[in-house]
There are 2 protein chains.
Amino acid sequence: MLQPPIPITHHECAGAMRSVRDALDFLGGKWKLPIIIALSGGPKRFKQLQREVTGITAKMLSKELKELELNSLLTRHVETQAAPVAVTYTLADYGEHLYPVIEALRIWGQLHRTHIMHPAAEAGAA
Amino acid sequence: MLQPPIPITHHECAGAMRSVRDALDFLGGKWKLPIIIALSGGPKRFKQLQREVTGITAKMLSKELKELELNSLLTRHVETQAAPVAVTYTLADYGEHLYPVIEALRIWGQLHRTHIMHPAAEAGAA
DNA sequence: CGGGATCCGATTCGATACTG
DNA sequence: CAGTATCGAATCGGATCCCG
């Protein structure tokens with residue numbers, strides 16, 4: 001059903017491992033991908049993000065947004081200087097390269113959930 | 001270039017987030033995907049895996065293999081009972097459902113590496 | 001060879017309180 | 001509103017030693 005997309009040779013296999021580990025080092029935390037998903041629905045404000053990304057604290061959200069901006073995945077825009085300040089976060093074009101990753105993880109997460117609940121059911125769920 | 005695969009409605013967006021977080025909770029560590037990649041080249045022994053998954057300690061490898069077996073991603077087979085024992089790990093059919101995830105992460109990891117080194121080069125690297 | 005046991009540092013993450 | 005500061009718990013992961 002699924003062909004192995006991973007090269008068989010030791011050398012190329014090590015290359016795949018390095019790329020996957022690079023990706024995981026950056027995306028591995030609990031929050032980065034959920035934040036990207038929330039922003040995929042359009043630009044959002046800080047408070048709005050905190051509501052949609054269930055369970056995140058202001059501290060973590062702030063930290064993750066900084067890292068995502070540093071890596072060009074989103075842009076930060078300050079709307080007004082006077083209090084109350086308004087800041088908008090927008091998913092950058094470059095950030096959309098994560099959609100395939102999110103899709104693959106979403107599909108597998110769904111499959112695995114059904115697999116855990118009633119084993120041998122993934123044939124019909126895939 | 002890339003259509004947003006994530007639903008726009010709040011409700012379905014939350015569903016995508018939950019699935020991605022489920023997947024990340026399980027795959028998020030440093031080692032599970034690299035182990036799967038190594039096993040994608042065929043069944044391997046414990047020591048052999050430790051050599052191919054660069055940097056992993058015996059403790060971590062043992063722990064991760066146990067979790068992967070519990071989740072039906074691989075099977076463990078004891079070849080000989082007499083010392084020295086020989087144990088073989090084989091990627092299960094169900095484990096191959098992770099190939100799309102690995103592919104997506106590998107592609108993005110590669111892209112992001114080039115992006116970090118010389119920005120604005122991802123148009124040609126994709 | 002294939003691990004388990006123990007100890008330990010490093011990092012992640014959350015709760016709470018506070019600021020411009 | 002949009003964060004920052006501080007504290008502390010929990011988890012992650014490595015080093016080392018040990019066993020069948």
Side-chain angles (χ1 to χ4, degrees), chain A residues 17-18 20-36 38-39 42-71 74-91, chain B residues 17-18 20-39 42-71 73-91:
Chain A
M17 238 186 256
R18 196 204 53 183
V20 170
R21 282 177 71 174
D22 285 350
L24 243 32
D25 281 348
F26 183 70
L27 304 171
K30 285 177 66 172
W31 303 117
K32 283 191 191 71
L33 255 6
I35 290 171
I36 299 285
L39 283 180
K44 302 245 160 66
R45 303 264 298 269
F46 188 89
K47 208 73 178 185
Q48 205 173 350
L49 278 172
Q50 196 177 355
R51 271 190 301 267
E52 296 193 17
V53 180
T54 322
I56 197 169
T57 61
K59 170 189 160 184
M60 288 308 299
L61 181 55
S62 170
K63 193 189 109 194
E64 304 283 28
L65 287 172
K66 240 174 260 175
E67 292 179 32
L68 290 170
E69 193 195 1
L70 263 176
N71 283 270
L74 55 80
T75 59
R76 190 183 113 113
H77 201 243
V78 182
E79 307 279 351
T80 65
Q81 272 71 20
V85 193
V87 179
T88 303
Y89 294 90
T90 307
L91 188 61
Chain B
M17 240 187 257
R18 196 206 52 181
V20 170
R21 281 177 72 171
D22 285 349
L24 244 31
D25 281 347
F26 183 70
L27 305 171
K30 284 175 67 172
W31 303 117
K32 282 191 191 70
L33 256 5
I35 290 171
I36 300 285
I37 295 174
L39 284 179
K44 301 246 161 65
R45 302 264 299 273
F46 188 89
K47 210 70 177 187
Q48 205 173 351
L49 278 171
Q50 197 177 354
R51 271 189 301 268
E52 296 193 18
V53 181
T54 322
I56 197 170
T57 63
K59 169 190 162 184
M60 289 308 297
L61 181 55
S62 170
K63 193 188 110 195
E64 304 283 27
L65 287 172
K66 238 175 261 174
E67 291 179 33
L68 290 171
E69 192 194 1
L70 263 175
N71 284 269
L73 298 176
L74 55 81
T75 59
R76 190 184 113 112
H77 201 244
V78 181
E79 307 279 348
T80 66
Q81 272 71 22
V85 194
V87 180
T88 303
Y89 294 90
T90 307
L91 188 62

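Below, chains carry the letters A, B, ... as their sequence lines are ordered, and counting in each starts from 1. Computed from a predicted structure; not experimentally measured.
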Anything under 4.0 Å to a heavy atom of chain A counts; send over the first and last such nucleotide of DNA chain C, read 5' to 3'.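 Range of nucleotides within reach of chain A: dC13(C) to dA15(C).
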Rounded to the nearest 0.5 Å, what separates atom [atom1] in [X] from atom [atom2] in [Y]?
X        : Y        : atom1 : atom2 : value
Lys44(B) : Leu74(B) : NZ    : CG    : 12.5 Å
Trp31(A) : Met60(A) : CH2   : CE    : 7.5 Å
Lys30(B) : Leu24(A) : NZ    : CG    : 10.5 Å

Where do Lys66(A) and Leu70(A) land on the side chain to side chain contact (heavy atoms under 4.5 Å, CB included) test, with the steps shown first? CA-CA 6 Å; Lys66(A) 240 174 260 175; Leu70(A) 263 176; 5.8 Å; no
Out of dG20(D), dT6(D), dG3(D), which nucleotide sits closest to the side chain of Val85(B)?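 When the side chain of Val85(B) is considered, dG20(D) is the closest of dG20(D), dT6(D), dG3(D).
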Check the distance between [N]'s [atom2] and [X]'s [atom1] and give it to me in whole angstrom.
X        : N       : atom1 : atom2 : answer
Leu68(A) : dG3(D)  : CG    : P     : 13 Å
Ile56(A) : dT4(D)  : CD1   : P     : 13 Å
Lys66(A) : dA5(D)  : NZ    : C1'   : 11 Å
Leu65(A) : dC1(D)  : CG    : P     : 16 Å
Leu61(B) : dA15(D) : CG    : P     : 14 Å
Leu24(A) : dG13(D) : CG    : P     : 10 Å
Glu64(A) : dA2(D)  : CD    : C1'   : 17 Å

Under the criterion side chain to side chain contact (heavy atoms under 4.5 Å, CB included), I'd like the reasoning laid out for Tyr89(A) against Leu68(A): C-alpha separation, chi angles, the key distance, then a yes or no. CA-CA 10 Å; Tyr89(A) 294 90; Leu68(A) 290 170; over 6 Å; no
How is Lys30(B) classified with respect to the nucleic acid when contacts are heavy atoms under 4.0 Å: base, sugar-phosphate, or nothing?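 If one applies the 4.0 Å heavy-atom cut-off, Lys30(B) turns out to touch the sugar-phosphate alone, with no base involved.
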Distance test, side-chain N/O of Ser62(A) to OP1/OP2 of dA2(D), below 4.0 Å: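 No.
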Please determine whether a side-chain nitrogen or oxygen atom of Tyr89(A) lies at a distance below 4.0 Å from atom OP1 or OP2 of dC1(D).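 So the side-chain polar atoms of Tyr89(A) never come under 4.0 Å of the phosphate oxygens OP1 or OP2 of dC1(D).
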For the residue pair Ile35(A) and Ile56(A), establish whether any side-chain heavy-atom pair is separated by less than 4.5 Å.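 Yes, side chains in contact.
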Considering only heavy atoms from C-beta outward, does the side chain of Val53(B) approach that of Ile37(B) to under 4.5 Å?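 With C-beta onward as the side chain, the pair stays apart.
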Could you give me the CA-CA distance, side-chain angles and deciding distance for Arg76(B) and Leu65(B), then say whether side chain to side chain contact (heavy atoms under 4.5 Å, CB included) is met? CA-CA 9 Å; Arg76(B) 190 184 113 112; Leu65(B) 287 172; over 6 Å; no
For residues 45-55 of chain B, which residues have at least one heavy atom under 4.0 Å from DNA chain C?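 When residues 45-55 of chain B is checked for heavy atoms under 4.0 Å from DNA chain C, the hits, listed by number, are Arg45(B), Phe46(B), Lys47(B).
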Considering residues at least two apart in sequence or located in another chain, which fulfil the salt bridge (charged side-chain N to carboxylate O under 4.0 Å, His left out) criterion with Glu67(A)?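 Partners of Glu67(A) by the salt bridge (charged side-chain N to carboxylate O under 4.0 Å, His left out) criterion, ordered by chain and then number, come out as Lys32(A).
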Could you check Lys59(A) against Lys63(B) and say which one's nearest nucleotide on DNA chain C is further toward the 5' end?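 It is Lys63(B), whose closest nucleotide lies nearer the 5' terminus.
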